[in-house]
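What's counted below: heavy atoms across the whole structure, side chains too, no hydrogens, waters or symmetry copies. Naming: A, B, ... by sequence-line order, numbering from 1 per chain.
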2 protein chains.
Amino acid sequence: MKQKDFYSIHSDVCKTLANPKRQEILDNLRQKEMTVNELVKKTGISQANLSQHLAILRAKGIVSDRREGINVYYSISNPKIIEAFDLISEVLQEGLSTRSKTIQAAIKRKS
Amino acid sequence: MKQKDFYSIHSDVCKTLANPKRQEILDNLRQKEMTVNELVKKTGISQANLSQHLAILRAKGIVSDRREGINVYYSISNPKIIEAFDLISEVLQEGLSTRSKTIQAAIKRKS
DNA sequence: TTATCTCATTAAAATATTCGAATAAATTTA
DNA sequence: TAAATTTATTCGAATATTTTAATGAGATAA
């Protein structure tokens, strides 16, 4: 494999995380698995759109799905994704460039 | 700040990392600061395009710049970005979904 | 079977990203 | 000041992503 391919694969994973709705989905799944319907209620994202985002996360192996009767439960496949999530939070806390104190405080409160 | 804003800021950072050329730039800067020209020679990316990507990284505070005479030196602002980079590599190594053994081996060799 | 509930897929429109080409700006040297 | 070198910006075209709306598909219960 060429070095450039490595960067492509690498950035593909980041691309999958590079969407606010998918961030929200992952943050909701960090503690426990959830059904699509639970996620709809929790996030306010439409069912169809949620399903699309879950398909993207699923395709990259970031979440796993498990059908139980009429429901499908989603969970995070690899806990390192959550570590990466938290690492980004830390970078933000440490004052990534010109963000205001207010936003930084809010980030700190949230995480 | 609303929770949703948090996810937006979060995904903004990921979006900045979600490009193979920017991954390559960051990987080159991980050891030492470099001038734009050095990066042009090392990566083969055109000067204008490289400058565009550096502007994006700069705007998000991921890299810092320092002018010295005619040259501008770029470096990584926060080492946690590199930690995140490496964490993604680990996730890839751990066999994110359906990737072939070949690609995984190549990733392991590289990192 | 039919109705219902949950979830997935498709197509089309709106939006965002990336790149090359041209050009501008900053610094040094002659 | 003019020329040369290094880096930055702008614009437009091509491409990719995201969203809404409509529809399909699987499971359960009546």
(message) At 4.0 Å (heavy atoms only), tell me whether Y74(B) reaches a base, stays on the sugar-phosphate, or touches nothing.
(response) sugar-phosphate
(request) May I ask you to decide whether D86(B) forms a salt bridge with R30(B), counting only side-chain N to carboxylate O separations under 4.0 Å? (result) yes
(message) Going by side-chain hydrogen bond (donor to acceptor under 3.5 Å, both in side chains), Y74(A) matches just one of E33(A), R66(A), R58(A). Which one?
(response) R58(A)
(request) Working to the nearest 0.5 Å, report the span between NE2 of H53(A) and CD of E24(A). (result) 10.0 Å
(message) By nearest atom, which of the nucleotides dT5(D), dC7(C), dT7(D) is closest to the T35(A) side chain?
(response) dC7(C)
(message) Measuring from atom CE of M34(B) to atom CG of N71(B), what distance do you get when rounded to the nearest 0.5 angstrom?
(response) 12.0 Å
(request) Check each residue of residues 47-55 of chain A for a non-hydrogen atom within less than 4.0 Å of any atom in DNA chain D, then write out the ones that pass by number, or none. (result) A48(A), N49(A), Q52(A), H53(A)
(request) Rounded to the nearest angstrom, tell me the gap between atom CG in N71(A) and atom P in dT4(C). (result) 19 Å
(message) Using the side-chain heavy atoms of K21(B), tell me which of these nucleotides is nearest: dT18(D), dC5(C), dC19(C).
(response) dC19(C)
(request) Please round to the nearest 0.5 Å and tell me the distance separating atom CZ of R67(B) and atom CD1 of I70(B). (result) 8.0 Å
(message) If I take atom CG in residue L57(B) and atom C1' in nucleotide dT18(C), what distance separates them, rounded to the nearest angstrom?
(response) 14 Å
(message) At less than 4.0 Å, is any side-chain N or O atom of R67(A) found next to OP1 or OP2 of dT6(C)? Yes or no.
(response) no
(request) Taking only the side-chain heavy atoms of V36(B) (C-beta and beyond), determine which of dA8(C), dT18(C), dA8(D) contains the nearest atom. (result) dA8(D)
(message) Without decimals, in angstroms, what is the distance between Y73(B) OH and dA8(D) C1'?
(response) 18 Å
